[in-house]
Amino acid sequence: MTTVVPTSEEDPALSVVRFTSELAWSDAGPEVMEQQASRLCVEAQECMVMNRWLDLTSLMLTSADIVFSNSKVSEKDLECIFTVICNLVTKSRSPDEELEMAKLICAKIIQQPSDKPALRLKILFNLYNLLDNAYCRFYVFMKALNLAVSGKVTEHVIPSFKKIDSFLKEWNLEVQDQRELFLSVANALKDSKSSAKDSFKFLTKYLATFSYEDTYKMGEAKEEAARTIIEFVKAPDMFQCDLLDMPAVGQLEKDAKYALVYQLLKIFLTQRLDAYLEFQAANSALLKSYGLVHEDCIAKMRLMSLVDLASHKSGRIPYALIKDTLRIDNDEVELWVVKALTTKLIDCKMDQLNQVVLVSSCTERVFGLRQWQALRTKLGTWRGNIESVINTIQANKITEDSSQAVQGMMIR
């Protein structure tokens, strides 16, 4: 038989058990309510004495639904109740027990995400801060993230995405968990226009976790790979990406459903406006089904084509070539060059007298083997130039030192 040690002040956990049980049984009358409250308090005391913290957590959560739905319980009281419940995880005797307790609490909190979602989210983050085990923290963070999306309160979790890299170091996740994290973050960001770039960034992080060794799992990434391509094409301010180098994207090239989406990406990253117009003429319905606006695609493709000209024409692009490539009038050439300048796609000067654009540098749409080789050549040239300058300086210094020595001998 368990011995209950009396205390002068009631333990907070017992106070919560008493309060929630009285609330749950209030309609049954005072006598029944008191009997049930006393029974549950005794059971709770037994759990505490025997260090059965998981059982106590389960017991305290039995009336959680009633607490949330009862209008007599203020949000402040709700938060206090769950602070006491969440604090039980600090008494767990092992990481496994801590995780099981966290799972029980999360399961109750996320049951009705549309009811007081901001408060539920706050409770989950309070729980997160009480946990010691890294995987437990990851588990609770994911539940909070999904709750925020379901409850439409993502603005409360978006600021934490800036710390994802440090979280990854702390959590030390397996690849599958990393995929789940990156995809969930991207989904949380996708409906926010101001976060389109961040959504794209996390989608690419998700896709980058797949390698050619993951053939049997890579199929699950097809839909997200296509979605990432469409997000890139839609974005008016994104002109460079490494999607073509990713196995998860490459698998779409011969896919029955997404081959045309892959072809569209290849056009935007390696070809010019004429290729896009030909593609659009044959696949206008497909583009509309993905929400792509033809005029927006033309505008982006004109800039991409101008970048392509800048990277292939040895620094000199005739106005006439720009006019023909971008399919514009003569008086629009300089307008599009200025657009490319303001978006920092190219660095150039316009020679109006000779009707040429003089390019000093440009952004690469893709950064593959050819770009790495070009960079290596440039670095080699710069290194040679620097070595030449150093040798010249050293030679001049030796000559100068010798002249000073001769002058010194003559003075003596």
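Residues: numbered from 1 along the sequence shown.
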Minimal non-hydrogen separation, [X] against [Y], with atom names:
| X | Y | value |
| --- | --- | --- |
| Thr228 | Glu224 | OG1-O, 2.6 Å |
| Leu168 | Gln178 | CD2-CG, 4.2 Å |
| Cys362 | Ile346 | CB-CG2, 3.7 Å |
| Ala188 | Leu145 | CB-CD1, 3.8 Å |
| Val157 | Ala144 | CG1-O, 4.4 Å |
| Leu252 | Ala226 | CD1-N, 3.8 Å |

>> Ring of Phe210, cation from Lys217 - is the NZ or CZ under 6.0 Å from the centre and inside 45° of the axis?
In response: no

> Cation over ring, Arg227 on Tyr258, under 6.0 Å and within 45°?
Replying inline: no

Before accepting this row, confirm whether a basic side-chain N of the pair [X]/[Y] lies closer than 4.0 Å to the acidic partner's carboxylate O.
| X | Y | value |
| --- | --- | --- |
| Arg365 | Asp308 | yes |
| Arg179 | Asp214 | yes |
| Arg137 | Glu170 | yes |
| Glu43 | Arg39 | yes |

Do the non-hydrogen side-chain atoms of [X] and [Y] ever get within less than 4.5 Å of each other?
| X | Y | value |
| --- | --- | --- |
| Leu207 | Met218 | no |
| Met246 | Leu243 | yes |
| Asp296 | Lys234 | no |
| Leu189 | Phe202 | yes |
| Met48 | Leu14 | yes |
| Met142 | Ser184 | yes |
| Leu341 | Cys348 | yes |
| Phe200 | Leu203 | no |

Between [atom1] of [X] and [atom2] of [Y], what distance do you get to the nearest 0.5 Å?
| X | Y | atom1 | atom2 | answer |
| --- | --- | --- | --- | --- |
| Glu253 | Leu265 | CD | CG | 10.5 Å |
| Lys257 | Glu223 | NZ | CD | 6.0 Å |
| Leu88 | Leu54 | CG | CG | 10.0 Å |
| Ile317 | Leu321 | CD1 | CG | 7.5 Å |
| Trp53 | Met101 | CH2 | CE | 8.0 Å |
| Met60 | Cys86 | CE | SG | 9.5 Å |

> Do Glu180 and Tyr206 have side-chain N/O donor and acceptor atoms under 3.5 Å apart?
Replying inline: no

>> Any donor-acceptor pair under 3.5 Å linking the side-chain atoms of Glu334 with those of Gln352?
In response: yes

> Any chance NZ of Lys300 has more than 12 other-residue heavy atoms, nucleotides or ligands included, within less than 6.0 Å?
Replying inline: yes

> Taking everything shown except Glu174 itself, do over 12 heavy atoms lie less than 6.0 Å from its CD?
Replying inline: no

>> Applying the side chain to side chain contact (heavy atoms under 4.5 Å, CB included) criterion to Phe82, which one of Asp77, Asn126, Leu124, Ile109 satisfies it?
In response: Ile109

>> Taking side chain to side chain contact (heavy atoms under 4.5 Å, CB included) as the criterion, tell me which of Thr343, Leu345, Val359 meets it with Val307.
In response: Leu345

Please confirm whether the backbone N or O of [Y] pairs with a side-chain atom of [X], one donor and one acceptor, at under 3.5 Å?
| X | Y | answer |
| --- | --- | --- |
| Lys323 | Val333 | no |
| Asp11 | Ala13 | yes |
| Thr342 | Lys339 | yes |
| Arg272 | Thr325 | no |
| Ser199 | Ala196 | no |
| Ser150 | Pro113 | no |
| Thr270 | Lys266 | yes |
| Thr209 | Val175 | no |

> Run the side chain to side chain contact (heavy atoms under 4.5 Å, CB included) check on Glu98 and Leu131 step by step: do they pass?
Replying inline: CA-CA 8 Å; Glu98 184 181 55; Leu131 296 167; 3.6 Å; yes

>> If you apply the rule side chain to side chain contact (heavy atoms under 4.5 Å, CB included), what do you find for Val357 with Asp351, and how did you get there?
In response: CA-CA 6 Å; Val357 175; Asp351 184 344; over 6 Å; no

> Using the benzene-type ring in the case of Trp, are the ring centres of Tyr276 and Phe279 under 6.0 Å apart?
Replying inline: no

>> Just checking Phe232 against Phe239, ring centres under 6.0 Å apart?
In response: no

> For Asp255 and Lys222, what are the C-alpha separation, side-chain angles and deciding distance, and is it a salt bridge (charged side-chain N to carboxylate O under 4.0 Å, His left out)?
Replying inline: CA-CA 9 Å; Asp255 185 76; Lys222 285 183 181 180; 2.8 Å; yes

> How far apart are the C-alpha atoms of Thr62 and Leu40, what are their side-chain angles, what is the distance that settles it, and do they pass the side chain to side chain contact (heavy atoms under 4.5 Å, CB included) test?
Replying inline: CA-CA 11 Å; Thr62 53; Leu40 290 170; 5.5 Å; no

>> Could you go through Thr83 and Glu79, starting from their C-alpha distance and side-chain angles, then the distance that decides it, and tell me whether this counts as side chain to side chain donor-acceptor pair (under 3.5 Å)?
In response: CA-CA 6 Å; Thr83 296; Glu79 188 178 349; 5.1 Å; no

>> Enumerate the side chain to side chain donor-acceptor pair (under 3.5 Å) contacts for residues 87-97, please, sequence neighbours excluded, ordered by first and then second residue.
In response: Arg93-Glu97

> Stepwise, does the side chain to side chain donor-acceptor pair (under 3.5 Å) test hold for Gln251 with Tyr262?
Replying inline: CA-CA 9 Å; Gln251 69 177 326; Tyr262 180 86; over 6 Å; no

> Please walk me through it: do Leu264 and Cys297 pass side chain to side chain contact (heavy atoms under 4.5 Å, CB included)?
Replying inline: CA-CA 11 Å; Leu264 180 65; Cys297 289; over 6 Å; no

> Phe167: what forms a ring-ring contact (aromatic ring centres under 6.0 Å, His included) with it, not counting sequence neighbours?
Replying inline: Phe141, Trp171

